[in-house]
Each structure stands twice: as structure tokens, then as C-alpha cells.
Amino acid sequence: NLLKIDFLGLEELSILREIFEKTGRNMLEIYNIPLDDQATFEAFKNIDVQGIFQYVGDSTKSVLRQMPYVDFEQLIACLTLSKPGPAHSGSATRYLAKMRNKEKVECFDWHPILTNITSKTFGQMIYQEQIIRILREFANFSVTDANKCRILIAKSKGEQEFQKYYPQFKKGVADKIDEDRTKYLWESIKVFGRYAFNRSHAASYALLGYWSMYMKVHFPDEFYVCKLNHEENDKNKLRLLMDAAKKGYTILPPLLGVSDVSWKIEDKKTLRAGLTEVPGIGKKTAEKMISEKYCCREDFKNKKVRGVTIRALKSLDENKCFMGDEPKEDYFGIHDYDILDLISPERIKSEDIRDWDESYDITAAGRFVEMNYKDIFEERVSRGQSTENIRNPEKAKYAMLLLEDETDRSLVHVDRMLFSTIGDDIWKAFKEKLFVVVDGKKVTGWRMIRAKRVTLFTEKEINWIKESKESEDVGG
């Protein structure tokens, strides 16, 4: 008769505490943050989610884009709708369509009990608690049996055991809905339940995400510094820096004699990188140099230096981090994507590609940051489908890629016919991080481009374009 409690440690709580401390507040004041702050909701609506706990993923951003409005209830729903369960069962698509007042959206409104259970979710079943309520209140299951079903659904090998409860379910709903709807509801519970996200869990994470966004909106300096100091992934750190730069922040490189060990606020909307942002310099080395008050090359010549390696000194020199050096241009590569407007002036930015729009011709530009090879034969076999009658079987390979620009990322599909001619170029672009321009068709209802042409730009070509632009500016 012991109560079992699982405690989950989250780094986000530590980050929020640090942000609060930097603003001169006590962490306990976080509970006084209003949950109806319109500026915070507006930031979510504008997909200003870089650095926001749980909301920075592509699937989550896709759901947010399709929501006509955002409040705290929708933030909870968003975390569930972006999971595989609602996507596979179709409830995510129906939820968002109903939210946008689309007609002829199928809902679980066949009976007052079902209507009540799904009243806050636009007639859809999206939470684990709703499954339990349907089994309990609609099918007259006991608490024990409803919970057993919940556990069985979640297990990958529990479907056979779960199916044994169908006669009991059928009997419990017999006086409420017909047999076809009974089967449909049972299958919906089974499909969704495999990846079910309980509402209480989603609400807890949504609250952390909301607090994070509130701090980003109202205390951006402290938000960015604390986030940068905790972010270990270089790609995520760069996206944070690009996000800050887009909002008018000045990002200063590490400078011996000025920088702290890690990131700091140097002035309003001005962030200074710490010495640990210099390749080859760790926390202890940075602390040593700061404690000894080193700032220039002469300091290392005139003092006996212990704890600072030749490699560290060489890195400081190569990256222009000594006092008096001409700073290295765009130290973090924040403005790498500025070239996109030159190589593709008519491009559509990723943030402007809306999931629900119909198909249209599109040109996009950026870098391929993820690439997955696909094989039509392997795909059909995995789905239990026939591999006969495949047209052009010699062209079996195709690719799915993520194209990233300065605003966001979009999916690009390179079909078998195109891949057979440019497959090597696609791989080269991905491996060498080359800029590309993709011409194609935006897929109806998806944030995906079916490529018709992919143009690569080598580093030499990019430099030539930059130099030409500089010459025009000088001449103009």
C-alpha cells in the first residue's frame, strides 16, 4: 500500500530560476505570472518559439501555425496534437480543421456523453484521460478495467490482450451507438492510445513553455543569456543567436579582458560571448585567464602562466580575441544566410510557407540540414505492399530533406526521376553545407516542396556574388 511517485528533473526549471535571479526576483514569484498575458500568446502565434521549452520542434510549430488563435488551453493541446498518436488517428487534422470552422469535420458527437468528454477538444479524442473517461462513463468499464486497457494500449505487444475487452466494450455501448460506430470508436481508441499523451503531463509542460515565453517576451536580455549558457548543441546555439540578431541584438565575440567565462549582458540588447566560446578553451582555462586579468599577448609574455596551454593561446590568436585585435567578422556565422536574398531574390522564406495552403509554384533557398535516402522497394515491403508493377524500377532511390533558411525549416521531396539525375549533387550539397535554390511545387496541406530543380552554389560562386554586390554598392 505504498504510493509510488516518479520525480522528473528538468534543466528548464534551472534556467527559469537563473532568469528570475538575473531580474532580481525570487523564483517563487513565477507562480504570480498571469496565464492570460496577450503578448506571450501573440509570440506563440507568431511562432517566435526559438529557445522555448517543448515548442521549438518542427511538428509543434506546424500545429501552432494552423491554430487561428492561441490561449493556454491550445498550448496544452498543441503538445498533444504534435505527437504521433493524434497524427496517425487523424484527430490532429480534424481538431485543427474544426478549430478553423471547416465544415463536414467528423466528431465524436454521437451521444451526449461523448460530446461532453470531447467538448473542449473540438469533438476529438486527443488526451489519455479522455480514453479512460470513454471507457468508464460511456462503456461502463470499472476503474480497474479502464486502467488495464490504458496500460495495454500503450504497450507495443499489448494489442492482443486489449482486444479481449472488445466484447465488454460492445456490450457497454450497445444502447448508445450502432455497431459500425462501435467498431470505429474502438479502433480510434486503439490507434490513438499507442502514443497517448495525458493531459496532466501536457499541461505541466505547457506551463513551463508558457513561463519560458513570458520571460522571452518581457525579459529578453536575461532570457537569451541564460539560454545560451545552458545550450550545448552548436546548431541550436546558432539558431538562438540568429533569433536574437533578428530582433536587433548586437552579438559580440569573445574578447580577453572583457569577456566572462560564459555569455553576459554587456548592454541593452547587446550580448557578449564568454571565453569558453573560443575553440579549445574550457571553463578552468577561462577562469584562470580572467583571475590573472590577462587581456593582450604581452601579458602572457611578461607573466608566468600556468594552466593555459599553447593550444589555447593559438586559438585566441587565430580567432582575434586579444584586446586591440580587429574582431573576426561574423564570428558565429549569424549572417551566413544573408546571401540567400542575393542568390534567390524571389524566394519564399520557410516561415511564410503555411501547412494548410493549396498547391502553388514555389522557390525556396537555404541549406540541407538533414537528409534521408528512401528506396521504393524497401518502402513497399515494409508496408506489406506488392513490389510488382513499379514503373522505372531501376530508379528506386529518392530523398527527403530538410531545407533551412534564416527563418525556419521546410521539407523537400526529391522524387525518383529527379534523384536519378541529381542524386550526387544533392549529397554534395548536404555533405559540404552548400547553399541551394529549390524550385518546385508546394504540397497541398503540407509544409513540403516537391522539387523540380535544385541549383547548388559553391563557396567560390558565393564569394563571387558577394564581391559583385560590394562592387555595385561602391559604384552606386
> Closest heavy-atom contact between Leu75 and Tyr55?
Replying inline: O-OH, 2.8 Å
> Hey, mind stepping through Tyr249 and Asp221 against side chain to side chain donor-acceptor pair (under 3.5 Å) and telling me if it holds?
Replying inline: CA-CA 9 Å; Tyr249 273 79; Asp221 291 359; 2.4 Å; yes
>> Going by the rule salt bridge (Lys or Arg N to Asp or Glu O under 4.0 Å), which residues pair with Glu287 if we only count those two or more places apart in sequence or in a different chain?
In response: none
> Taking Asn319 for the side chain and Cys321 for the main chain, is one N or O donor matched with an acceptor at less than 3.5 Å?
Replying inline: no
> Who passes side-chain hydrogen bond (donor to acceptor under 3.5 Å, both in side chains) against Ser468, sequence neighbours left out?
Replying inline: none
>> Taking side-chain contact (heavy atoms from CB on, under 4.5 Å) as the definition, give me every residue that meets it alongside Leu238, ordered by chain and number, with sequence neighbours left out.
In response: Met242, Ile334
> Counting distance only, does the side-chain N/O of Ser259 pair as donor-acceptor with the main-chain N or O of Leu256 below 3.5 Å?
Replying inline: no
> Hey, does the side chain of Ser212 reach the backbone of Leu208 with a donor-acceptor pair shorter than 3.5 angstrom?
Replying inline: no
>> Once ring pair (Phe, Tyr, Trp, His ring centres under 6.0 Å) is applied, what residue pairs with a partner in residues 21-41 remain, sequence neighbours excluded?
In response: Tyr31-Trp211, Phe41-Tyr210
>> Determine whether the aromatic ring centres of residues Phe122 and Tyr95 are separated by less than 6.0 angstrom.
In response: yes
> What pairs with Arg311 under side-chain contact (heavy atoms from CB on, under 4.5 Å), at least two apart in sequence or on another chain?
Replying inline: Thr309
>> Tell me every residue that passes side-chain hydrogen bond (donor to acceptor under 3.5 Å, both in side chains) with Asp352, counting only those two or more places apart in sequence or in another chain.
In response: none
> For the side chain of Arg447 and the backbone of Ser410, is there at least one donor-acceptor N/O pair under 3.5 Å apart?
Replying inline: no
> So, Gln66 side chain and Ser62 main chain: donor-acceptor pair closer than 3.5 Å or not?
Replying inline: yes
>> If I take atom CZ from residue Phe219 and atom CD1 from residue Ile19, how far apart are they, to the nearest 0.5 angstrom?
In response: 10.0 Å
> If only atom types and distance count, is the side chain of Thr80 paired as donor or acceptor with the main-chain N or O of Tyr127 below 3.5 Å?
Replying inline: no
> With no hydrogens and no angle check, do the side chains of His201 and Gln128 hold a donor and an acceptor under 3.5 Å apart?
Replying inline: no
> With side chains defined as the heavy atoms from C-beta onward, is the minimum distance between Arg94 and Cys107 less than 4.5 Å?
Replying inline: no
>> Under the rule for side-chain hydrogen bond (donor to acceptor under 3.5 Å, both in side chains), what residues qualify as partners of Tyr205, not counting sequence neighbours?
In response: none
>> Quick one, His218 with Asp37, criterion side chain to side chain contact (heavy atoms under 4.5 Å, CB included). Give me CA distance, side-chain angles, the key distance, then yes/no.
In response: CA-CA 10 Å; His218 297 284; Asp37 184 71; 3.0 Å; yes
>> Between Ile52 and Phe44, does the side chain to side chain contact (heavy atoms under 4.5 Å, CB included) criterion hold? Intermediate values first, please.
In response: CA-CA 10 Å; Ile52 302 302; Phe44 276 110; 4.1 Å; yes
>> Suppose we screen for side-chain contact (heavy atoms from CB on, under 4.5 Å). Which residues come up paired with Pro34, at least two apart in sequence or across chains?
In response: Asp36, Tyr214
> Which residues satisfy the salt bridge (Lys or Arg N to Asp or Glu O under 4.0 Å) test with Asp317, sequence neighbours excluded?
Replying inline: Arg297
>> Can you tell me if Asn32 has over 12 outside heavy atoms packed within less than 6.0 Å of its CG?
In response: yes
>> Donor-acceptor check, side chain of Lys227 to backbone of Gly51, threshold 3.5 angstrom: yes or no?
In response: yes
> Which of these passes salt bridge (Lys or Arg N to Asp or Glu O under 4.0 Å) with Asp336: Arg239, Lys433, Arg367, Lys466?
Replying inline: Arg367
> Between Asn46 and Asp48, is there a donor-acceptor pair closer than 3.5 Å when you use the side chain of the first and the backbone of the second?
Replying inline: no
Side-chain atoms of residues 269-277: list all donor-acceptor pairs with protein atoms under 3.5 Å, sequence neighbours left out, distances to 0.1 Å.
unit_1 : atom_1 : unit_2 : atom_2 : d
Lys269 : NZ     : Lys247 : O      : 2.6
Thr270 : OG1    : Lys268 : O      : 3.3
Arg272 : NE     : Glu266 : OE1    : 2.9
Arg272 : NH1    : Pro253 : O      : 2.7
Arg272 : NH2    : Glu266 : OE2    : 3.2
Thr276 : OG1    : Val261 : O      : 2.9
Glu277 : OE2    : Lys237 : NZ     : 2.9
Glu277 : OE2    : Trp263 : NE1    : 3.1

>> Checking Asp234 now: which residues fulfil side-chain contact (heavy atoms from CB on, under 4.5 Å) with it, not counting sequence neighbours?
In response: none
>> Using every non-hydrogen atom in the two residues, find where Ile353 and Lys442 come nearest and quote the distance to one decimal.
In response: CG2-CG, 4.1 Å
>> Under the ring-ring contact (aromatic ring centres under 6.0 Å, His included) test against Phe419, which residue among Trp427, Tyr373, Tyr398 passes?
In response: Tyr373
> Between Glu18 and Lys22, does at least one N-O distance fall below 4.0 Å, as a salt bridge requires?
Replying inline: no
> What residues form a side-chain hydrogen bond (donor to acceptor under 3.5 Å, both in side chains) with Ser59, not counting sequence neighbours?
Replying inline: none
